[in-house]
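For reference, the structure I am asking about is given below.
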Amino acid sequence: MEIRKVGVLGCGLMGSGIAQVAATAGFETVVKEVSDDLIAKGFGGIEKSLAKFAEKGTITSDQQREIRSRLSGTTSFAELADCDIIIEAIIENLEEKRSTYKQLDEICKPETIFASNTSSISITEMMTATSVERQRRFIGMHFFNPVPLMKLVEVVKTILTDDDVYEQAVDFGKKLGKVPVRAGDKTGFIVNRLLVPYMLDAIRALEEGVGSIVDIDNAMKLGCGYPMGPFTLGDFVGLDTTYYIAEIMFNEFREKRFAPPPLLKRMVLAGLYGRKSGRGFYDYKDPKNPTPMNLI
Ligand code: CAA
């Protein structure tokens, strides 16, 4: 089966980015959300991103229009029934995901590949909400924020994924213009397995007075050539998301390095989620000139 039509579940930051790269790669792409408002919001983000690429000359204005014409939004599951692959990027909640997959399994054609963009939930736990046949066609495809710019996709195989389906997904990742890496279904896959303990350790270093927010960020940026220091990155990813991933990883591995530090928990309890809430390790009152928060 050739992949021609792509379905995307969720039009948030990740879903809209995935839809954008699929349409840019030439695939007819339909995005499902729970309301027209959320579709409009997600598509607004896509327009902005495409406009940036057009401004830079990465795409022409004709291509910009063509990409846009390959994208459609819907609030109905039925419109995903004939997709060749569906990439799910809804809220990181196992029960929500299982119930979504169960409904989709009943209406999608038998060949449809199901892929989850989860960053931390076990693919196997989602997969078991579907029929035995579908479980062979169930994988993880984990993209990185901002999806239109980040070149990586982790393609995740469970112990039941068909080899052919897996290779097709790897190939599809390449067609999206990404570099696929192969990962097993272990919570956090490759990137978060390494990134999350690093980010948590930076918070512990701050708690222990090793350095300030700005100095720790600068140290890793300028000393290691990372594009963002750990606190800027945490604010960018979302501290609620980081906390949630850490909790899941801690539950899976029961290892201290995955345990969220008390400061992170308190920040999330206080609503300091990072950029999206206006405050995290930095205050984004002036988004171009964030100032460090006084947290210790
Ligand atoms: N679409 C199109 N263009 C975009 C864009 C988008 N969505 N976002 C940014 N750009 C453009 C900007 O307009 C800018 O263009 P100019 O050079 O013309 O000004 C250019 O990209 C560079 O952006 P910035 O100047 O804002 O900043 P930057 O040079 O630092 O690059 C970045 C931005 C690519 C995000 C870079 O900082 C980076 O790579 N950061 C690390 C991101 C990262 O680690 N992501 C992974 C997070 S972990 C995750 O996602 C997984 C998980 O499970 C938690």
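Whatever order the structure lists them in is the order used to number ligands and atoms, beginning at 1. No hydrogens, no waters, no symmetry mates; every other heavy atom, side chains included, goes into these values. The residues of the chain are indexed from 1 along the displayed sequence. Everything numeric in this text was worked out from a predicted model, so none of it was measured.
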According to salt bridge (charged side-chain N to carboxylate O under 4.0 Å, His left out), does anything in residues 114-134 pair up with another residue at least two apart or in another chain? List the pairs.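 Non-adjacent pairs meeting salt bridge (charged side-chain N to carboxylate O under 4.0 Å, His left out): D105-R134, E133-R136.
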Geometric cation-pi criterion, R193 with F258: 6.0 Å, 45°: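 Verdict for F258: no cation-pi partner in R193.
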So K41 and E33, salt bridge (Lys or Arg N to Asp or Glu O under 4.0 Å) or not? Walk me through it. CA-CA 11 Å; K41 192 169 171 226; E33 250 302 352; over 6 Å; no
Between D62 and R65, is the closest basic N to carboxylate O distance under 4.0 Å?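 The answer is yes: the pair qualifies as a salt bridge.
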Working to the nearest 0.5 angstrom, can you tell me the gap between I90 CD1 and Y101 OH?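 One finds 7.5 Å between CD1 of I90 and OH of Y101.
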Is there any protein N/O under 3.5 Å from an N/O of ligand 1, and what does the full list of such pairs look like?
residue  : atom   : partner : partner atom : Å
ligand 1 : 1 (N)  : S49     : OG           : 2.6
ligand 1 : 15 (O) : K56     : NZ           : 2.9
ligand 1 : 45 (N) : N145    : O            : 2.9
ligand 1 : 50 (O) : N145    : N            : 3.1
ligand 1 : 53 (O) : H142    : NE2          : 3.0
ligand 1 : 53 (O) : N192    : ND2          : 2.9

Any donor-acceptor pair under 3.5 Å from E207 side chain to L263 backbone: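 Yes, the answer is positive, given that a donor and an acceptor are paired below the 3.5 Å cut-off.
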